[in-house]
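As a basis for the values below, the full set of heavy atoms in this structure was taken, side chains included, without hydrogen atoms, waters or symmetry mates. Quick note: residue numbers are just sequence positions, from 1.
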Amino acid sequence: MSFPPDLVRDVARRRTFAIISHPDAGKTTLTEKLLLFGGAIQMAGTVKARKSSRHATSDWMEIEKQRGISVTSSVMQFAYAGHTINLLDTPGHEDFSEDTYRVLTAVDAAVMVIDAAKGVEAQTIKLLEVCRLRATPIITFVNKMDREVREPVALLEEIESVLNIDCAPITWPIGMGKRFQGVFDLRQDRLVRFTPGEERVRDDGELIEGLGNPRLDELFPEETAALRHDVELIRSASSPFDLESFLAGQQSPVFFGSGINNFGVREILQALVEWAPPPQPRDGSSRMVAPAEQAFTGFVFKIQANMDPRHRDRIAFFRVCSGRYQPAMKVRHLRIGREMKLGNVITFMANERVASDDAVAGDIIGIHNHGQLQIGDTLTEGEALAFKGIPYFAPELFRVTRPRDPFKAKQLQKGLQELGEEGAIQVFERAWNNTLLLGAVGELQFDVVADRLAREYKVDALYDAANIATARWLTFPDAATHRNFENETSASMATDVDGNPVFLAANKYILQVTMERWAKVGFHTTREHGQRLVQG
């Protein structure tokens, strides 16, 4: 099959990747510095809001600025070295892991940030497991070498043993903590000196060629001997970088550095351009979809309400899988079986947005959403495709919510409906009394929803503990079983934001007994976004 040459060329220039890590490993700081080195911003912000008037570009929500954490994914596009880079910053906190899982369906590679003092942490292990399911290529950045940290060789051993992935060091640190002087590029056998702590990028750094260069002894008399010893050891003991193993998700090139000081950041960008895969074929259920095909296709992986509170907007984040977006083009919305017009599509710089008149496979575009789009929706130029979605997970924490002012009940319902559709929280409506129930995988989700309801929807709500331990989505073999089950368990029944039936269990024992009594009913711990479960 032949593809349009201009489309083949433009797709080959795309690099779409996510940055993943455990909280506080320095992921958002690295995002800022990648934007800085990519020329997308002129001065780096900071994540710690209380200490600075500037905030990280990717942390645009008010609660993110207050707490100094990322609670939602953000998308940033910029040009670098003749390529178009689509960078997705993800929340590291486990309470927002569903948002991160969704993002990982929309990228072709990932940069994993490791805190050099703490090593491999719990959330990093979970995220790498998700990447492994899709064989996503991983670049590793060992951050915070400007602090007193663990020995680099020990860190490599831990990454390999805990994450079960081969490591291929590409750069090596010179010293650590106060003695940290930068990184030596093992492939190019050279050091580029940077000025540490700079908020701007300078290109006038000194270039020092060769590990035996006497200039190294002159500049770093205390660190050079250790550097030469470590490099000799690493070159003889570790596997050389192998592009095929990296693309298969089996080997990770490892970079050391300090995001806050600009050390090692440029090397990450260069590796993404040189090694990270361009957009890859995607499984459209009925067939594999090639990125340079002429027909336009893609899927919604995230919905964000109120990025611009003045306009009460809702944006669907859409990964283009093939073809080329053209302004005002018409596409088929497959879930509802209707044609829709893609007008006023935008590209992102966090919450800054620019009208887009061109996008190809790998690009992330924003579609103004008036309630018609949901997470997991596929849009095509007519062909019946379905790109695989990311699941909702059965929540373990629940709250009953009601407005403090009874006259704000409709506003509360609208706010929760929209926040439920964008995946910020799971919302259930109980069958027997129509009360709204919030389900979450972590406590922090409740705090974020309360803050957003008050700030974006002007609703002050009360959140009461609910006597529920877990939830299960239900499927039935036939209509009679469905009817009988609901009649017998009506006090435990609810519907989710897509109208699917859900069983709410006060404890694991009740769930077990109910499952045994209704052996033909399906009790599901996950469901795909946008999926309407088939009813008997």
Side-chain angles (χ1 to χ4, degrees), residues 1-18 34 38-40 73-88 102-110 134 136-137 247 269 272-284 287-302 315-334 340-349 352-368 373 377-383 385-388:
M1 186 185 295
S2 61
F3 302 126
D6 61 329
L7 199 52
V8 172
R9 177 200 66 214
D10 291 348
V11 167
R13 291 174 177 169
R14 262 55 185 182
R15 297 291 183 272
T16 304
F17 71 99
L34 289 171
S73 305
S74 51
V75 179
M76 289 139 285
Q77 187 184 81
F78 61 96
Y80 180 77
H83 291 71
T84 298
I85 310 289
N86 292 286
L87 184 163
L88 287 78
R102 290 195 288 270
V103 165
L104 288 173
T105 67
V107 300
D108 302 300
R134 305 178 62 85
T136 304
L247 293 174
L269 264 179
L272 285 161
V273 166
E274 288 182 34
W275 299 334
Q280 297 296 292
R282 292 258 164 178
D283 187 352
R287 68 178 184 87
M288 295 299 287
V289 178
E293 287 181 23
Q294 192 152 3
F296 180 82
T297 69
F299 63 95
V300 175
F301 66 92
K302 173 182 171 64
I315 300 293
F317 287 65
F318 183 87
R319 155 81 191 217
V320 181
C321 294
S322 69
R324 186 184 295 276
Y325 162 77
Q326 294 173 327
M329 73 185 297
K330 290 182 178 177
V331 293
R332 184 89 175 155
H333 185 329
L334 293 167
M340 66 179 284
K341 184 177 175 183
L342 295 184
N344 303 317
V345 161
I346 54 177
T347 52
F348 303 95
M349 170 56 74
E352 299 290 322
R353 58 227 7 229
V354 182
S356 176
D357 56 7
D358 182 58
V360 301
D363 286 338
I364 310 295
I365 57 176
I367 302 170
H368 289 278
L373 289 170
D377 280 351
T378 296
L379 304 181
T380 73
E381 289 192 86
E383 187 180 357
L385 299 170
F387 294 105
K388 191 168 174 57

Out of curiosity, [X] [atom1] to [Y] [atom2], how far, rounded to the nearest 0.5 Å?
X: Met288; Y: Gln280; atom1: CE; atom2: CD; answer: 9.0 Å
X: Thr136; Y: Leu247; atom1: OG1; atom2: CG; answer: 11.5 Å
X: Met76; Y: Ile85; atom1: CE; atom2: CD1; answer: 12.5 Å
X: Ile367; Y: Ile346; atom1: CD1; atom2: CD1; answer: 9.5 Å

[Y] backbone acceptor or donor facing [X] side chain under 3.5 Å:
X: Gln77; Y: Val75; value: no
X: Thr347; Y: Ser356; value: no
X: Ser322; Y: Ala292; value: no

Closest approach of [X] to [Y] (non-hydrogen atoms, all atoms of both residues):
X: Val273; Y: Arg15; result: O-NH2, 3.0 Å
X: Ala386; Y: Thr378; result: CA-OG1, 3.7 Å
X: Val320; Y: Ala359; result: CG2-CB, 4.4 Å
X: Ala18; Y: Val107; result: N-CG1, 3.8 Å
X: His368; Y: Ile315; result: ND1-CD1, 3.6 Å
X: Pro279; Y: Ala361; result: CG-O, 3.1 Å

Checklist entry - Heavy-atom count around Asp283 CG within 6.0 Å, excluding the residue itself: above 12? => result yes

Item to check | Worked verdict on Thr297 versus Thr380 for side-chain hydrogen bond (donor to acceptor under 3.5 Å, both in side chains) | outcome: CA-CA 4 Å; Thr297 69; Thr380 73; over 6 Å; no

Checklist entry - Do NZ/NE/NH1/NH2 and the carboxylate oxygens of Asp363 and Arg319 come within less than 4.0 Å? => result no

Next on the checklist: I'd like to know if Asp108 and Arg282 make a salt bridge, using a cut-off of under 4.0 Å between side-chain N and carboxylate O.
Outcome noted: yes

Next on the checklist: My understanding is that only residues two or more places apart in sequence, or in another chain, count here; which of them pass ring-ring contact (aromatic ring centres under 6.0 Å, His included) with Phe299?
Outcome noted: Phe387

Item to check | Test log, rule side chain to side chain contact (heavy atoms under 4.5 Å, CB included), inputs Leu385 and Arg287 | outcome: CA-CA 8 Å; Leu385 299 170; Arg287 68 178 184 87; 4.3 Å; yes

Checklist entry - Should Glu293 and Phe3 be marked as a side chain to side chain contact (heavy atoms under 4.5 Å, CB included) after you check the CA-CA gap, both sets of side-chain angles, and the distance that decides it? => result CA-CA 6 Å; Glu293 287 181 23; Phe3 302 126; 3.8 Å; yes

Side-chain touch [X]/[Y], heavy atoms, less than 4.5 angstrom:
X: Asp377; Y: Leu334; value: no
X: Pro291; Y: Cys321; value: no
X: Leu88; Y: Phe17; value: no
X: Phe296; Y: Val331; value: yes
X: Gln326; Y: Asp358; value: no
X: Leu342; Y: Tyr325; value: yes

Checklist entry - What's the verdict on side chain to side chain contact (heavy atoms under 4.5 Å, CB included) for Leu269 and Leu34, showing C-alpha distance, side-chain angles and the deciding distance? => result CA-CA 7 Å; Leu269 264 179; Leu34 289 171; 3.6 Å; yes

Next on the checklist: Applying the side chain to side chain contact (heavy atoms under 4.5 Å, CB included) criterion to Glu381, which one of Gln294, Met329, Arg332 satisfies it?
Outcome noted: Met329

Item to check | CA sep, side-chain torsions, deciding dist, call: Phe318, Ile364, side chain to side chain contact (heavy atoms under 4.5 Å, CB included) | outcome: CA-CA 6 Å; Phe318 183 87; Ile364 310 295; over 6 Å; no

